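Position 1 is the first residue of the sequence, and the numbers go up from there. Computed from a predicted structure; not experimentally measured.
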Amino acid sequence: DKIEEEYPERSLSDYAGARLSVLVDKGAVLEEGKGGKATYQINPEYDVDDLGVLLGDFDRETSREELESHGIEVTNIVGNGTFSQTVDLQQLGAEVLNVEYEPETSPMAVWRPFEQNAATVLVPSSGRITIVGSKNRSEIQQAISEIYDRLPPYAEEITSKKQFIREFQITNIATSASLSRELELSEVALGIGLEETEYNPEQFPGIIYRPLPGVVTLVFRSGSVVITANSYSKVLDGWKALKEALKEIGVQINEENQME
């Protein structure tokens, strides 16, 4: 089964919830309670610079090619940086091709500048721009170049391109992999431990397992796996930790074509 079939495109509220979960995992947001009764507050001891990995660093320890050698495919990279102090979204939406701005439903403009490159640029009036949908460093850099080619007429107090690139942070990398076998998810959740996993098939068709700080894995019955973290090295560490946890509870894994 395809990952897309099991984990369909989420609504904006679902996406916001997922981003909040990432902040909780990183310790930047403190969670009290669970489910609909949960409350959240910013951790006053947390350094905001730790929320992401700088673009210049995120693939230095582990390359994309190394992920691929382990059967891991990068599907989406999310990052952000401060482009300017303000952006005129009304004018931007009216004059720039492929920009959608509907203030009644979203506080930011959505810009899809490329036909081939899947990168999408989210532009709030504050100028703190987010790039989503890229699959590698090159696509991010193409999006940054397009931002500086097209958006300056609509912004004030613009950050230099050099500084923007230097301070741009990768906040989340989504990847997919396969265990090449089907799983009994209830048995896996019990085996790994209910204190370490979340499995409620009535709400979500997979196990949510956090093998390491800042790493989230989604494990589906088909053996498909989604791994998210803010660096390639954490993704790889999470993949290895998941497989080790499965081996420890007796799950046989096909290691063919996977380098250890």
Side-chain angles (χ1 to χ4, degrees), residues 9 15 18-19 22 26 48-70 72-89 92-93 95-101 108-177 214-215 226-237:
E9 184 176 353
Y15 179 79
R19 302 304 303 138
V22 170
K26 293 178 183 296
V48 69
D49 290 336
D50 291 334
L51 291 177
V53 174
L54 294 177
L55 177 61
D57 296 330
F58 90 100
D59 58 358
R60 283 184 176 174
E61 295 182 7
T62 302
S63 68
R64 184 165 176 262
E65 289 72 23
E66 186 173 357
L67 290 187
E68 292 175 347
S69 75
H70 286 267
I72 302 170
E73 179 185 0
V74 177
T75 58
N76 182 24
I77 301 174
V78 179
N80 57 54
T82 300
F83 168 68
S84 65
Q85 293 301 307
T86 62
V87 179
D88 186 337
L89 298 186
L92 177 68
E95 297 182 5
V96 176
L97 190 64
N98 296 325
V99 171
E100 300 174 9
Y101 178 51
M108 62 183 67
V110 179
W111 181 32
R112 298 178 176 84
F114 307 106
E115 291 186 4
Q116 302 300 325
N117 183 336
T120 297
V121 181
L122 308 180
V123 187
S125 60
S126 67
R128 181 73 179 176
I129 286 178
T130 299
I131 299 173
V132 304
S134 299
K135 296 185 178 182
N136 53 53
R137 179 194 293 266
S138 175
E139 291 186 354
I140 294 171
Q141 291 173 325
Q142 289 176 23
I144 291 174
S145 294
E146 196 70 8
I147 287 168
Y148 275 83
D149 285 345
R150 301 292 300 280
L151 298 194
Y154 310 99
E156 296 182 1
E157 298 182 52
I158 298 171
T159 304
S160 71
K161 184 176 180 180
K162 183 177 180 180
Q163 181 180 350
F164 182 86
I165 293 174
R166 185 172 64 247
E167 298 178 354
F168 189 88
Q169 290 190 326
I170 303 301
T171 57
N172 195 53
I173 302 170
T175 66
S176 64
V215 181
V226 173
I227 313 159
T228 66
N230 66 2
S231 70
Y232 287 166
S233 59
K234 287 183 179 179
V235 166
L236 183 55
D237 288 345

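With contacts defined as side-chain heavy-atom distances shorter than 4.5 Å, the pair Pro152/Phe83 qualifies. Taking the side chain as every heavy atom from C-beta outward, Ile147 and Val123 never approach each other to under 4.5 Å. Contact of the Val53 side chain with the Ile173 side chain is not registered, since no non-hydrogen atoms from C-beta on lie closer than 4.5 Å.
Rounded to the nearest 0.5 angstrom, Ser160 OG and Tyr148 OH are separated by 6.0 Å. Separating the OG atom in Ser231 from the CD1 atom in Ile77 is a distance of 11.0 Å, to the nearest 0.5 Å. With rounding to the nearest 0.5 angstrom, the NZ atom of Lys234 is 11.0 Å from the OG1 atom of Thr228. A distance of 8.5 Å separates CD1 in Ile144 from OG in Ser134, rounded to the nearest 0.5 Å. Atoms CD and CG, on Gln169 and Leu55 in that order, are 10.5 Å from each other to the nearest 0.5 Å. Atom CD1 of residue Ile165 and atom CD of residue Gln163 lie 11.0 Å apart, to the nearest 0.5 angstrom.
Listed by chain and residue number, Val110, Arg112, Leu122, Val132 satisfy the side chain to side chain contact (heavy atoms under 4.5 Å, CB included) test with Thr120 (two or more places apart in sequence, or in another chain). Checked against ring-ring contact (aromatic ring centres under 6.0 Å, His included), Tyr101 has no partners two or more places apart in sequence or in another chain. Residues that satisfy the side chain to side chain contact (heavy atoms under 4.5 Å, CB included) test with Ser125, not counting sequence neighbours, are Leu89. Residues satisfying the salt bridge (charged side-chain N to carboxylate O under 4.0 Å, His left out) criterion with Arg137, sequence neighbours excluded, are Asp59. Residues satisfying the side chain to side chain contact (heavy atoms under 4.5 Å, CB included) criterion with Leu67, sequence neighbours excluded, are Thr62, Ile72, Val74, Tyr232, Val235, Leu236. Partners of Asn80 under the side chain to side chain donor-acceptor pair (under 3.5 Å) rule, at least two apart in sequence or in another chain, are Arg128. With sequence neighbours excluded, the residues forming a side chain to side chain contact (heavy atoms under 4.5 Å, CB included) with Ser145 are Lys161, listed by chain and number. Every residue two or more places apart in sequence or in another chain that forms a side chain to side chain donor-acceptor pair (under 3.5 Å) with Glu95 is listed here: Gln91, Tyr154. Every residue was checked against the salt bridge (charged side-chain N to carboxylate O under 4.0 Å, His left out) condition with Glu139, not counting sequence neighbours, and none meets it. Scored by the side chain to side chain donor-acceptor pair (under 3.5 Å) test, Glu156 finds no partners at all (sequence neighbours excluded). Residues satisfying the side chain to side chain donor-acceptor pair (under 3.5 Å) test with Gln141, not counting sequence neighbours, are none. Partners of Phe114 by ring-ring contact (aromatic ring centres under 6.0 Å, His included), not counting sequence neighbours: none found.
Closest approach of Val87 and Ser84 over heavy atoms only: CG2-OG, 3.4 Å. When all heavy atoms are compared, the tightest approach of Val99 to Ala109 is CG1-CB, 4.0 Å. In plain terms, the two heavy atoms of Ala119 and Pro113 that are nearest each other are O-CD, 3.7 Å. The minimum heavy-atom distance between Ile140 and Ile170, with the atom names listed, is CD1-CD1, 3.8 Å.
The neighbour count for Glu65 CD, taken as heavy atoms of other residues, nucleotides or ligands under 6.0 Å away, is above 12.
The side chain to side chain contact (heavy atoms under 4.5 Å, CB included) with Trp111 is formed by just one residue from the set Leu92, Leu97, Val96, Ile129; it is Val96.
At distances below 3.5 Å, at least one donor-acceptor pair connects side-chain atoms of Thr175 with backbone N or O atoms of Ile227. Although no hydrogens or angles enter the test, the distance criterion places a donor-acceptor pair under 3.5 Å between the side chain of Thr159 and the main chain of Thr82. Between the side chain of Asn76 and the backbone N or O of Gly133, at least one donor-acceptor pair lies under 3.5 Å.
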